Amino acid sequence: VILVYHRFSDEEPKSTSTSPDLFRQHLEFFKNNGYQVLPLKKVIEGLRVKQDLPDKCVSLTADDGFLSFYTEAFPLLVHYQFPMSVFVSTESIDKKYDLMMSWDQLREMSPLVDVFNHSVKHLHLINQNTKVLEDEISLAQDRISKELGINDKFFAYPYGEFDDATYLFLKSSSYTAFGQQSGVASQEGDLLNLPRFSMSGSYAKMDSFSLKVQTVHMPIKQYSPKNLIISDDFRPLLKLVFSRPLSSYERNNFSCFVSGQDKADLIWEAYQSVSVKSKAPLLIGRSRYNCTMPYKDKGRYYWFSKMWLRL
């Protein structure tokens with residue numbers, strides 16, 4: 001399980017903030033419940049070579065590079081000696097915005113905190129011309145390499161959004177990329193769109209947090225479409241093909257929820273394939289289908305999420 005945070009604050013905006021005290025409770029939970037907090041690089045190396053990772057392991061990430069990471073989160077990471085990764089947009093650092101960390105602060109947090117690419121200007125990487133798209137990724141990578149000597153090609157999509165051009169450029173440039181849809185990173189997953197559970201706002205509360213760090217990768221070998229953008233049918237059809245036949249119990253308890261709506265309609269094809277469709281049109285902006293199914297251990301769930309973008 002990979003978690004993503006943004007700001008560490010009790011102030012507004014609540015939707016992208018996590019209380020520092022709540023973050024401390026998250027770290028205390030890992031310590032008290034036998035979790036291994038692994039550097040993101042180690043997790044990705046394991047996934048690439050199909051190495052089994054510990055059942056109780058998590059990796060912590062934060063997007064944007066807000067100053068509160070340095071002032072609030074980093075002292076807690078030092079106390080617990082847990083590693084974390086931060087994805088930064090380089091222009092805000094170079095322009096020395098008050099709310100953002102500096103290169104010196106990022107250097108100071110090494111080696112406990114790794115720093116990776118979150119673009120130059122944090123643009124929506126949808127329908128950009130080729131030069132803008134490639135510069136947003138490559139120039140940020142160059143700045144991080146020059147300032148910090150970090151050359152790992154890890155990229156977090158701004159807003160979790162991408163189109164075919166963005167995806168294919170990252171693929172051709174040998175990046176690993178991270179989205180903002182929920183779910184469990186796995187050996188079968190797409191290394192150009194790895195899921196991360198949001199830990200901002202209400203999602204960071206301990207009941208939600210403890211449920212999600214115990215989730216299991218949904219046994220899916222294929223899903224379509226991979227693209228996020230919907231332009232014709234605003235009730236998009238998601239097809240899931242499972243890696244094994246589901247039991248009757250699993251099939252009967254499999255469900256998908258739609259952002260701002262109730263459960264989605266399910267159309268089963270035997271026990272190894274299902275099509276998912278919202279009951280009503282998705283609203284403009286980002287939406288998700290979140291699918292869950294009970295795992296064999298009580299209180300644990302398989303989880304899969306698909307993000308959609310209606311422009």
Side-chain angles (χ1 to χ4, degrees), residues 1-4 47 50 52-58 160 178-199 202-203 205-230 233-283 286-310:
V1 170
I2 304 173
L3 307 180
V4 56
L47 296 181
K50 310 292 186 185
D52 288 335
L53 295 169
D55 182 49
K56 285 187 167 185
C57 78
V58 296
F178 301 82
Q180 290 188 15
Q181 76 281 13
S182 53
V184 181
S186 75
Q187 296 173 7
E188 297 78 30
D190 182 356
L191 289 174
L192 286 161
N193 189 25
L194 288 166
R196 298 181 294 167
F197 279 106
S198 172
M199 285 294 132
S202 60
Y203 298 118
K205 292 180 180 178
M206 286 305 294
D207 54 350
S208 171
F209 159 84
S210 60
L211 172 75
K212 287 167 182 172
V213 297
Q214 296 181 77
T215 54
V216 181
H217 170 67
M218 186 76 76
I220 290 170
K221 69 176 181 181
Q222 186 179 331
Y223 72 92
S224 61
K226 292 272 180 98
N227 200 337
L228 310 186
I229 300 170
I230 52 174
D233 185 358
F234 299 129
R235 296 174 56 220
L237 186 73
L238 170 66
K239 183 164 185 180
L240 304 177
V241 179
F242 297 94
S243 56
R244 59 170 174 80
L246 303 187
S247 68
S248 296
Y249 174 78
E250 287 175 326
R251 177 175 151 166
N252 291 337
N253 287 278
F254 176 92
S255 59
C256 296
F257 294 86
V258 182
S259 303
Q261 300 182 27
D262 201 348
K263 290 184 180 180
D265 290 330
L266 304 177
I267 304 150
W268 287 95
E269 300 164 30
Y271 282 82
Q272 208 158 339
S273 179
V274 65
S275 295
V276 184
K277 194 177 181 75
S278 62
K279 288 182 165 62
L282 302 183
L283 301 177
R286 295 182 295 277
S287 299
R288 294 171 182 82
Y289 290 179
N290 289 328
C291 301
T292 63
M293 182 173 74
Y295 185 58
K296 62 185 179 182
D297 298 341
K298 183 175 174 59
R300 298 184 71 186
Y301 291 87
Y302 294 106
W303 196 295
F304 175 84
S305 179
K306 171 74 174 96
M307 183 187 281
W308 305 101
L309 178 62
R310 178 178 171 181

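Keep in mind that this is a model prediction, so the values were computed, not measured.
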Undergrad: Taking Q214 for the side chain and R300 for the main chain, is one N or O donor matched with an acceptor at less than 3.5 Å?
TA: no
Undergrad: Quick one: does any side-chain atom of R235 pair with a main-chain N or O of S278 as donor and acceptor, under 3.5 Å?
TA: yes
Undergrad: Do any N or O atoms from the side chain of K239 and from the backbone of S273 form a donor-acceptor pair under 3.5 angstrom?
TA: no
Undergrad: Going by the side-chain hydrogen bond (donor to acceptor under 3.5 Å, both in side chains) test, which pairs reach into residues 251-263, not counting sequence neighbours?
TA: none
Undergrad: Got more than 12 heavy atoms from elsewhere within 6.0 Å of CZ, F257?
TA: yes
Undergrad: Could K306 and F304 be counted as a cation-pi pair, given that NZ or CZ must be under 6.0 Å from the ring centre and within 45° of the axis?
TA: no
Undergrad: Compare every heavy atom of N227 with every heavy atom of W308, then report the nearest pair and how far apart it is.
TA: CZ3-O, 4.2 Å
Undergrad: Nearest 0.5 Å please: distance from the NZ atom of K277 over to the SG atom of C256.
TA: 13.5 Å
Undergrad: Assess the pair F254 and F242: is the distance between their ring centroids shorter than 6.0 Å?
TA: yes
Undergrad: To the closest 0.5 Å, what do you measure between NZ (K50) and CD (E188)?
TA: 6.0 Å
Undergrad: Check S243 against Q272 and note the closest heavy-atom contact, atom names and distance.
TA: C-NE2, 3.8 Å
Undergrad: How far apart are the closest heavy atoms of Y302 and R244, and which atoms are they?
TA: OH-NH2, 3.3 Å
Undergrad: CG of L53 to OG of S186: how many Å apart, nearest 0.5 Å?
TA: 10.5 Å
Undergrad: From L238 CG over to S275 OG, what is the distance, rounded to the nearest 0.5 angstrom?
TA: 8.0 Å
Undergrad: Is K279 atom NZ crowded by more than 12 heavy atoms from other residues, nucleotides or ligands, each under 6.0 Å away?
TA: yes
Undergrad: Taking side chain as C-beta onward, heavy atoms only, is V276 less than 4.5 Å from L266?
TA: yes
Undergrad: Search all heavy atoms of G160 against all heavy atoms of L228 and return the closest pair with its distance.
TA: O-CD1, 3.6 Å
Undergrad: Mark yes or no for whether Y289, through its side chain, and P236, through its backbone, hold a donor-acceptor pair below 3.5 Å.
TA: yes
Undergrad: Return each pair, listed once, that meets salt bridge (Lys or Arg N to Asp or Glu O under 4.0 Å) where at least one residue sits in residues 287-296; pairs must be two or more places apart or across chains.
TA: none
Undergrad: Once rounded to the nearest 0.5 Å, what's the spacing between atom OH of Y301 and atom OG1 of T215?
TA: 12.0 Å
Undergrad: Could you pull out the closest heavy-atom pair between R286 and L309, with the gap in Å?
TA: CG-CD1, 3.8 Å
Undergrad: State, yes or no, whether a side-chain contact exists between S182 and K212 at a heavy-atom distance under 4.5 Å.
TA: no
Undergrad: Could you go through residues 191-198 and list every donor-acceptor pair under 3.5 Å that involves a side-chain atom there, pairing it with any protein atom two or more places apart or in another chain?
TA:
from, atom 1, to, atom 2, distance (Å)
N193, OD1, Q181, NE2, 3.3
R196, NE, G179, O, 2.9
R196, NH1, T61, OG1, 3.1
R196, NH1, D63, OD1, 2.9
R196, NH2, D63, OD2, 2.9
R196, NH2, G179, O, 3.2
S198, OG, S200, N, 3.4

